[in-house]
Every structure is written in structure tokens, then in C-alpha cells.
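Okay, structure first, notes after.
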Amino acid sequence: VPVETAWMAYSPEPQVDVPKILSRFAERAFRRPVSAVETQPFVDLTLQRLEKGYEFNDALRIAMKAILCDSRFLYIVEPAGELPDHALAA
């Protein structure tokens, strides 16, 4: 299946939907709960692309690629001591 047809999303309210979508994606990628502060740069990136005229899917795809290039995805970094449940599961 070509990438262009494999995944399609649309939002009449991107200001509301982008943070939700990227938060769920980041939690899966980082293998732990994430805060709005952590996802805000990716949300901003998406909204900037939308303002420049990018399609919704393309703008989200850019942010998702950025999440997958982030060190929090590439490496599991946990503080010393007892690990929380999500860290043990990762």
C-alpha cells in the first residue's frame, strides 16, 4: 500500500485535535506518560506547518517523524532508584 493512501486524517479543529493525537503518539513512542510541556514543541511544529498551507496529514507526519528522531524515543533514560511500572514494562 502506498504511504499516501495508508493513513489519512482530517480535523476541522486542528488546535484541539493535534495535541491529543501527538500526545497519544508520543506516549507510545516514549513508552511512558508524557506531559503537555513535552509535546508542545511537536504541536507547535504541526500548527506552524498547517499555517504554511501543509495538508493536515503532512503536518502531522512531520511532527511524528520528529518524535521518532527524539532521544526520548531512541533511548530509554530513567533516573536511578526504583523504576516506575511504565519503565519496567518498556
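Remember, predicted model here, so these are calculated numbers, not experimental data.
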Practice prompt. Would you indicate whether E55, at its atom CD, is surrounded by more than 12 heavy atoms from other residues, nucleotides or ligands within a distance under 6.0 Å?
Written response: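 No, not enclosed.
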Worksheet item: Taking atom CE of M64 and atom SG of C69, what is their separation to the nearest 0.5 Å?
Response: 13.5 Å
Hydrophobic cluster identity match, [X] and [Y], side-chain contacts under 4.5 Å:
{"X": "L45", "Y": "L68", "answer": "no"}
{"X": "Y54", "Y": "L60", "answer": "no"}
{"X": "I62", "Y": "L47", "answer": "no"}
{"X": "L74", "Y": "F25", "answer": "yes"}

Practice prompt. I would like to know whether I67 and T39 meet side-chain contact (heavy atoms from CB on, under 4.5 Å); could you show each step before the answer?
Written response: CA-CA 9 Å; I67 289 170; T39 57; 6.0 Å; no
Item to complete: Indicate whether the side chain of Q48 and that of D44 have a donor and an acceptor atom separated by less than 3.5 Å.
Response: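 Q48 vs D44: no donor-acceptor pair found between side chains.
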Worksheet entry | Donor-acceptor pair, side chain of R61 and main chain of A59, under 3.5 angstrom | no
Practice prompt. Please report the C-alpha distance between V34 and F42 in whole Å, then the side-chain angles of each, then the deciding distance to 0.1 Å, and finally whether the side-chain contact (heavy atoms from CB on, under 4.5 Å) criterion is met.
Written response: CA-CA 12 Å; V34 296; F42 305 111; over 6 Å; no
Worksheet item: Only one of D17, V18, V16 forms a side-chain contact (heavy atoms from CB on, under 4.5 Å) with P14, so which one is it?
Response: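 Going through D17, V18, V16 one by one, the side-chain contact (heavy atoms from CB on, under 4.5 Å) with P14 is satisfied by V18 alone.
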Worksheet item: Between Q15 and P19, which heavy-atom pair has the shortest distance, and what is it?
Response: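 Minimum heavy-atom separation between Q15 and P19: O-CD, 3.3 Å.
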